[in-house]
Amino acid sequence: MPMDAPVGRLKRRPEFLRVAQRGRRFAAPGLVLQACTSAEAGGEIRVGLTASRKVGGAVVRNRARRRLRALVRPVLARHGAAGNDYVLVARQDTATRPWKSLVEDLETALRRLGRWRAKDPEKAP
RNA sequence: CCAGACGGCCGGACGGUCGCUGUUCGCCGCUUCUCCCGCGAGGGACGGCGGCGGGUGGAGGAAAGUCCGGGCUCCACGGGAACGCGGUGCCGGGUAACGCCCGGCGAGGGCGACCUCAGGGAAAGUGCCACAGAAACAUACCGCCGGCCUGCGCCCGCGAGGGCGUGCCGGCAAGGGUGAAAUGGUGCGGUAAGAGCGCACCGCGCCCCCGGCGACGGAGGCGGCAGGGCAAACCCCAUCGGGAGCAAGACCAAAUAGGGGCGACACGCCGGCGGCAACGCCGGCAGGCGGGUUCCAGCGCCGUCGCCCGGGUCGGUCGCGCGAGGCGCUCGGCAACGGGCGCCCCAGAGGAAUGACCGUCCCUGGCCGCGAGGCCAGGACAGAACCCGGCUUAUAGGCCGUCUGGCAAA
RNA sequence: GACCCCGUAGCUCAACUGGAUAGAGCAUCAGCCUUCUAAGCUGGUGGUUGCAGGUUCAAGUCCUGCCGGGGUCG
């Protein structure tokens, strides 16, 4: 069983701004990932979710944010490097994109930002 | 069967794997205050927090727009009235209340079922009615008629006389023309020409009677028209309204700064003010502290430490889910709605949960196939933020009931 | 949560107290000028006045309900 990192939440506006300004970002078709090393995070990883009004009405925004949250446990907590703050930004296609594509979007985003963690934890030091 | 009118209802269904959250039960761990037992170490009770497991609940008919009406909370206010401002406006009911709903009246539209609209006052006053037109609320452009008449001019005629134009005085408002609108409409009589001048019918106003709680409807008589439109122009009349809003409001309460109290230690000099005094306040000097060190000058600060109190910010808790509550039956009422009885508890988040993914089924469309069927798309409008009653707006598709007009059959 | 303001030609703005073909500048089109272009001159096109109802003889203007922008306060 892979070791899932404990997941914290980003809630306040300064935390989002810090990740946006000091971190790296990668834009996939279904989502945008921003990542930033964080001393406050410690051994866990912290995640923030964002869906702006550009994405759609309240219903569409809620759906996009819920799908992004559903991505956190099976992908980000399992494969994301600990000690980082992540921000997942919803795009216009987030609510309608096929689920498999959305998973691949997040995986390639983690790889491109150098935050990919191997699936098998026993081989890691 | 076709076309249509009105009213009501639903707002995909089932299953699986992972999650979030409220509540409840059990077990485990930690634990402040309070209470109980114990000399004590400690144990227990009620709670609180965390974890695990089980049960159970978890977006809408519009949750939306914020257009009205309330509950609730705080503020203001002795009561009432007047003024101002804002809303509402046929009548009668319903309701906690409403600008909402129901039933009825009136006007307009539709073959019809039905739909749409709305108070009174223009004789309380002010104002506006462009252009056109003579004139828009007071009048006469063209016109019609009479008189002066033997006026004047022209023409016709042998003549008597006649015609046309024109001047003055007077009568009329029928016709023409303008306009959205021109002083009731149609017909007959009447007249020099006309006119409600007279008459009949219709309209209008007043009076009276009948029906109705009423808006109003109907019948009769009288008056002869008593005098245009706009009050979603100002206004008058009637009636309603104190202001703010859950970020209301209440409670708990870090760090820092500042305020107050108590205790310990420290506490010089001069001047002024108050006071009997203890003493307090102010100003100056001295003193102490502040730059890596020393001196001088300048600047800033002024008892020090400890404990406590109150206000208050971040933060947290409550407000916050039993209510003008749902569902069923029944009674009264044409209905809106109300009464009675029984059953039920039905979201409470906090950057913000109520879901993510997969499968089967159900609709709709396209393609393939002779066919059974298969494949691929799509399934509306839209997300609670203190809560109710309405209104308005958005909405794929479907279901039910009543009624109207046709066609066909019996 | 409580409010306010604005929507007029492709763009920027007018239209008095309701009054009749909704104006102006830039842009655009055509012509003149020039060897050509620009500038200049002349003329033209271009509007469901955000939408739907209502009041009125008449609505960009008044009333009601929507739609879309922008802004204020706590």
Side-chain angles (χ1 to χ4, degrees):
Chain A
M1 179 173 175
M3 295 285 286
D4 292 351
V7 175
R9 291 280 313 281
L10 295 179
K11 293 182 176 179
R12 307 189 66 83
R13 179 172 163 82
E15 298 171 336
F16 282 85
L17 291 178
R18 196 182 72 89
V19 176
Q21 286 172 0
R22 299 179 40 188
R24 299 180 59 203
R25 53 182 286 145
F26 177 77
L31 56 90
V32 176
L33 178 69
Q34 299 174 335
C36 169
T37 58
S38 171
E40 301 170 31
E44 61 175 16
I45 68 180
R46 301 195 301 174
V47 182
L49 305 173
T50 298
S52 73
R53 289 187 64 179
K54 207 173 178 181
V55 174
V59 175
V60 179
R61 283 207 308 280
N62 274 336
R63 185 174 167 81
R65 203 163 350 100
R66 284 162 179 162
R67 294 188 88 192
L68 291 181
R69 185 163 55 229
L71 276 174
V72 168
R73 277 173 62 85
V75 180
L76 196 62
R78 191 157 300 179
H79 300 299
N84 284 289
D85 286 347
Y86 297 94
V87 171
L88 288 170
V89 182
R91 307 190 71 181
Q92 290 186 349
D93 294 333
T94 304
T96 55
R97 191 165 169 81
W99 179 248
K100 283 188 174 179
S101 306
L102 210 55
V103 171
E104 289 166 5
D105 284 345
L106 182 55
E107 288 173 354
T108 62
L110 281 171
R111 287 197 181 90
R112 293 289 288 270
L113 294 186
R115 258 71 176 189
W116 179 261
R117 195 161 55 101
K119 201 169 190 176
D120 205 310
E122 274 90 70
K123 295 180 180 172

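Excluded from the calculations below are hydrogen atoms, water molecules and symmetry mates; all remaining heavy atoms, backbone and side chain alike, are included. Values in this document were obtained by computation on a predicted structure and should not be read as measured data.
Taking the C1' atom of each, U21(B) and A384(B) are spaced 15 Å apart, rounded to whole Å. Separation of the P atoms belonging to U61(C) and A382(B) is 29 Å when rounded to the nearest angstrom. With both ends at atom P, the span from C230(B) to A122(B) equals 10 Å, rounded to whole Å. Between G249(B) and C320(B), the two C1' atoms lie 14 Å apart (nearest whole Å). With P as the reference atom, C381(B) and C391(B) are 24 Å apart, rounded to whole Å. Taking atom C1' on both nucleotides, G69(B) is separated from U88(B) by 13 Å, rounded to a whole Å. Comparing C98(B) with C91(B), their P atoms are spaced 15 Å from each other, to the whole Å. Across the C1' atoms, U23(B) and G321(B) are found 13 Å apart, a figure rounded to whole Å.
Rounded to whole Å, atom C1' of G350(B) lies 17 Å from atom CG of Leu10(A). Per the geometry, CG belonging to Leu31(A) stands 17 Å off P belonging to A356(B), to the nearest Å. Computed from coordinates, the Leu88(A) CG to A356(B) P distance equals 17 Å when rounded to whole Å. In this structure, Glu104(A) places its CD atom 15 Å from P of C357(B), rounding to the nearest Å. As a whole-Å value, the separation of Leu68(A) CG from G351(B) C1' is 15 Å. If you take CG of Leu76(A) and C1' of A356(B), they are 16 Å apart, rounded to a whole angstrom. When the P atom of G351(B) is taken as reference, atom CZ of Arg46(A) falls 15 Å away, rounded to whole Å. Leu71(A) places its CG atom 18 Å from the P atom of C18(B), with the value rounded to the nearest Å.
Within the 4.5 Å cutoff, the side chain of Asp85(A) has no heavy atoms near those of the Phe16(A) side chain. The shortest side-chain heavy-atom distance between Thr50(A) and Leu88(A) does not fall under the 4.5 Å cut-off.
Arg117(A) CZ to Ile45(A) CD1: the interatomic distance, rounded to the nearest 0.5 Å, is 7.5 Å. Atoms CG and CG, from Leu31(A) and Leu102(A) in turn, are 5.5 Å apart once rounded to the nearest 0.5 Å. How far CZ of Arg97(A) is from CZ of Arg67(A): 9.5 Å, rounded to the nearest 0.5 Å.
The hydrophobic clustering, which links ILVMFWY residues whose side-chain heavy atoms are closer than 4.5 Å, places Leu49(A) and Val32(A) apart.
Distances shown here put every side-chain N or O of Arg69(A) at or beyond 4.0 Å from the OP1 or OP2 atom of G19(B). Side-chain N/O atoms of Arg66(A) include none lying less than 4.0 angstrom from OP1 or OP2 on C357(B).
Projected onto RNA chain B by closest heavy-atom contact, Ala70(A) and Val59(A) fall at different nucleotides, the more 5' of which corresponds to Ala70(A). Between Leu49(A) and Arg67(A), the residue whose closest nucleotide on RNA chain B is further toward the 5' end is Leu49(A).
In this structure, C26(C) forms a base pair with G10(C), meeting either the Watson-Crick or the G-U wobble geometry with both donor-acceptor distances under 3.5 Å. Under the Watson-Crick or G-U wobble criterion, with both distances below 3.5 Å, G40(C) is paired with C32(C). Look at C289(B): its Watson-Crick or wobble partner, with both distances under 3.5 angstrom, is G300(B). Across all strands shown, the partner of G120(B) is C236(B), judged by Watson-Crick or G-U wobble contacts whose two distances both fall under 3.5 Å. When both pairing distances are held under 3.5 Å, A135(B) makes no Watson-Crick or G-U pair with any nucleotide shown. Pair assignment for G60(C) gives none, since no Watson-Crick or G-U wobble pairing has each distance under 3.5 Å. Shown here, C276(B) forms no base pair; nothing in the strands shown gives a Watson-Crick or G-U wobble contact with both key distances under 3.5 Å. Pair assignment for G315(B): C252(B), on the basis of Watson-Crick or G-U wobble contacts that are both within less than 3.5 Å.
Of the candidates C18(B), A59(B), A356(B), the closest approach to any side-chain atom of Arg63(A) belongs to A356(B).
With respect to Tyr86(A), the side-chain contact (heavy atoms from CB on, under 4.5 Å) criterion is satisfied by exactly one of Val72(A), Leu110(A), Val19(A): Leu110(A).
Base orientation of G10(C): anti, the glycosidic angle falling outside 90° of 0. By the rule that a glycosidic angle within 90° of 0 means syn, C407(B) does not qualify and counts as anti. A59(B) adopts a syn glycosidic conformation, its chi angle falling within 90° of 0.
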